[in-house]
J.: 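Mind having a look at this structure? Questions to follow.
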Amino acid sequence: MDYEFKLDQFEGPLDLLLFLIRKNKIDIYDIPIALITEQYLKYLEIIRSLNLDEAGEYLVLASTLIHIKSRMLLPVPEEAETEEGEGDPREELVRQLLEYQVFKEAASALETRPVLERDVFRRGSHEGDVEGTPEDEALVEAGIFDLVAALERVIAASGSRELLEIDLEKISLADRINEIMEILAKNKSLTFHELLGEASSKRQIIYTFLAVLDLVKLRMVRAFQNESSGIIRIFLAVEE
Amino acid sequence: MEGLKAVVEALIFASESPLNVDKMADVLEDVDRKDIRDVLSQLVEEYRRETRGFWIVEVAGGYHFRTKNEWSPWIKKMKRGKPSTLTPAVMETLAVIAYRQPVLKAEIDKVRGVDTGGAIKKLLEKKLVRIVGRKDVPGKPIIYGTTQRFLEVFNLRDLSELPTLRELKELQE
Amino acid sequence: MEGLKAVVEALIFASESPLNVDKMADVLEDVDRKDIRDVLSQLVEEYRRETRGFWIVEVAGGYHFRTKNEWSPWIKKMKRGKPSTLTPAVMETLAVIAYRQPVLKAEIDKVRGVDTGGAIKKLLEKKLVRIVGRKDVPGKPIIYGTTQRFLEVFNLRDLSELPTLRELKELQE
């Protein structure tokens with residue numbers, strides 16, 4: 001067998017396996033697993049020797065192939081075959097291969113379409129087609145990925161370590177803080193109990209408690225306890 | 001309305017993204033939707049029939065002007081800059097997302113048999129794919145789907161226009 | 001050349017700036033300049049005469065498609081509702097507020113290393129950010145947080161759905 005292939009020829013282990021199946025003109029539903037495993041491992045050796053980063057991705061399938069090969073060598077327990085659904089050990093792999101093949105084909109089908117800015121083009125310029133187009137300030141077009149990407153830029157620029165690990169728990173807390181501040185803006189003050197009354201789940205009760213602590217620490221609210229009744233009342237620290 | 005055809009033509013032309021009938025009706029308050037649809041199909045047909053540089057295509061849920069395929073060699077030459085093409089790995093990832101959406105990264109990885117993080121990032125950057133939300137299971141994994149731009153770039157009216165996956169059906173039988 | 005008129009039409013349409021005869025001749029190597037000029041004046045004349053949405057105008061030493069003036073009221077109306085995008089600086093400020101809220105302007109400035117007053121103003125106008133409260137320290141600095149509208153625009157159920165940086169890192173090769 002000749003090993004001539006381009007390094008970037010394969011998109012992954014499944015792609016390599018499909019290549020071997022086609023190269024050997026094998027029926028995908030009846031893969032001679034010993035032969036294919038042998039060839040797969042030889043290619044894997046080359047990939048590894050070339051120190052390709054992705055060699056690791058090919059290892060998992062290699063072990064799957066070896067596992068299937070060993071299972072096929074074992075005699076099939078007579079009753080188990082039909083009763084317990086212990087079918088052909090190759091079945092799962094075939095399924096995966098067929099599925100992968102479908103999407104590989106779908107990808108090339110997509111590429112044959114008239115692709116924008118490759119085969120067909122939009123109007124090049126939108127400048128000056130109408131003068132003075134006012135902008136509606138309320139409408140914004142942006143995706144959540146743009147937001148994370150923006151954060152990444154900020155961190156890269158500032159080298160700020162503390163920003164690196166974003167604590168989602170803290171952000172959930174921010175949600176509750178926003179809500180409490182809103183409630184307090186409407187009702188001058190509230191008892192802690194009243195705030196809790198809004199919380200429906202255990203999680204929400206915890207967040208309410210943490211949010212009040214945080215707000216006190218941030219000096220955004222003030223909490224007072226009545227000496228005789230023990231009731232805690234929360235006020236906005238600064239009146240608007 | 002006098003000149004309705006020309007106005008509709010002007011609106012599609014001036015719009016930066018495909019324009020749908022709803023939006024046109026919004027702008028042309030007193031005009032009947034039926035009349036808008038009538039001039040639309042007249043326009044589409046005229047541009048299709050005549051030997052012109054561009055025509056009106058139905059894409060991403062609306063109507064938009066696009067150059068006709070046959071002139072692409074000259075336009076490419078004019079634009080010189082090479083269009084950024086997607087690598088096969090990125091295209092495969094896009095295909096899985098397009099057909100399987102809403103889909104999790106773990107599912108895409110499984111189909112392709114490799115880690116698809118880099119490809120997903122590329123698709124997010126190109127705005128062909130977006131974060132749809134998070135799945136309500138432990139770990140709250142991110143759910144991906146395609147964008148309006150995906151439809152525009154691959155000249156699809158909507159997702160139902162994606163070529164059907166014939167072989168996959170066979171597999172499911 | 002067969003279809004020269006259509007090619008010229010397509011080139012003007014796809015060009016990012018007004019296109020002059022020199023540039024067209026460059027692209028259409030074997031075609032005589034005189035022929036290009038001929039189809040150009042035919043095109044200009046046809047668009048001028050016909051009742052159409054747009055025409056070809058000569059601007060900045062080149063040819064360019066532009067909507068006809070008489071339709072501008074409708075086009076303006078259409079463009080009014082057009083969603084705008086945020087500049088990178090505004091987006092970065094929004095990201096800091098979203099992930100660090102409740103947060104003071106001084107903290108945002110520190111993280112971004114610039115004065116973010118303008119960006120915050122823009123975000124307040126767009127109702128993506130609001131004043132959550134004031135801190136009870138000298139100067140009573142304003143504390144910022146995101147709004148309900150922020151969640152709507154970014155399609156989030158709540159703030160815990162914000163993707164983490166770790167998730168973004170996972171998407172890198």
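In the text below, chain A, chain B and the rest are named by the order of the sequence lines, each starting its count at 1. These figures come from a predicted structure and were not determined experimentally.
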J.: Heavy-atom distance under 4.5 Å between the side chains of B:Lys76 and A:Asp119, does that happen here?
T.: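 A side-chain contact under 4.5 Å exists here.
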J.: Which heavy atom of B:Ile131 sits nearest a heavy atom of A:Ile144, and at what distance?
T.: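 That would be CB-CG2, 3.3 Å.
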J.: If you define the side chain from C-beta out and look only at heavy atoms, does anything of B:Lys79 sit under 4.5 Å from A:Phe121?
T.: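 Result yes, sub-4.5 Å side-chain heavy-atom pair found.
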J.: Could you measure the distance from the CG atom of B:Asp115 to the CD atom of A:Glu57? Nearest 0.5 Å is fine.
T.: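 Separation between the atoms: 6.0 Å.
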J.: Taking the side chain as everything from C-beta on, heavy atoms only, tell me whether A:Glu105 gets closer than 4.5 Å to B:Leu165.
T.: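 A side-chain contact is absent here, since even the closest heavy-atom pair is not under 4.5 Å.
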J.: Looking at B:Phe65, does the NZ or CZ of A:Arg122 lie under 6.0 angstrom from its six-membered ring centre and within 45 degrees of the ring axis?
T.: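 No; the conditions do not both hold, so A:Arg122 does not lie above the ring face of B:Phe65.
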J.: Taking all atoms of both residues into account, what is the closest heavy-atom pair of A:Pro114 and B:Asn155, and its distance?
T.: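 Shortest heavy-atom contact: CG-ND2, 3.2 Å.
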J.: Side chains of A:Asp146 and B:Leu124, heavy atoms from C-beta outward: is any pair under 4.5 Å?
T.: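 Not touching, per the 4.5 Å side-chain cut-off.
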J.: My understanding is that only one of B:Arg112, B:Lys110, B:Arg100 makes a salt bridge (charged side-chain N to carboxylate O under 4.0 Å, His left out) with A:Glu99; could you say which?
T.: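 The salt bridge (charged side-chain N to carboxylate O under 4.0 Å, His left out) with A:Glu99 is passed solely by B:Arg100 among B:Arg112, B:Lys110, B:Arg100.
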J.: Can you check whether B:Trp71 reaches A:Val120 side chain to side chain, under 4.5 Å on heavy atoms?
T.: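 B:Trp71 does not reach A:Val120 side chain to side chain.
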J.: Taking side chain as everything from C-beta outward and backbone as N, CA, C, O, which of these in B:Leu156 sits under 4.5 Å from a heavy atom of chain A? Side chain, backbone, both or neither.
T.: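 Answer is both: backbone and side chain atoms of B:Leu156 are under 4.5 Å from chain A.
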J.: Against chain B, label A:Ala106 side chain, backbone, both or neither, depending on which of its atoms sit under 4.5 Å from a heavy atom there.
T.: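 Answer is both: backbone and side chain atoms of A:Ala106 are under 4.5 Å from chain B.
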J.: Measure the shortest side-chain to side-chain distance between A:Phe145 and B:Lys127 over non-hydrogen atoms and say whether it is less than 4.5 angstrom.
T.: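 Counting from C-beta outward, A:Phe145 and B:Lys127 never come under 4.5 Å.
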J.: Taking every non-hydrogen pair under 4.5 Å, which of A:Ala149, A:Pro13, A:Gly12 racks up the most with chain B?
T.: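 Maximum pair count with chain B is reached by A:Pro13.
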J.: Considering all heavy atoms of both residues, which atom of B:Pro88 and which atom of A:Glu11 are nearest to each other, and what is their separation?
T.: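 Answer, listing the atom of B:Pro88 first, then A:Glu11: CB-OE2, 3.3 Å.
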J.: What part of B:Glu125 gets closer than 4.5 Å to chain A, counting heavy atoms only: side chain, backbone, both or neither?
T.: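 For B:Glu125, the contact with chain A is made by backbone and side chain together.
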J.: Counting only heavy atoms closer than 4.5 Å, note whether B:Tyr144 contacts chain A via side chain, backbone, both or neither.
T.: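 Neither part, no heavy atoms under 4.5 Å.
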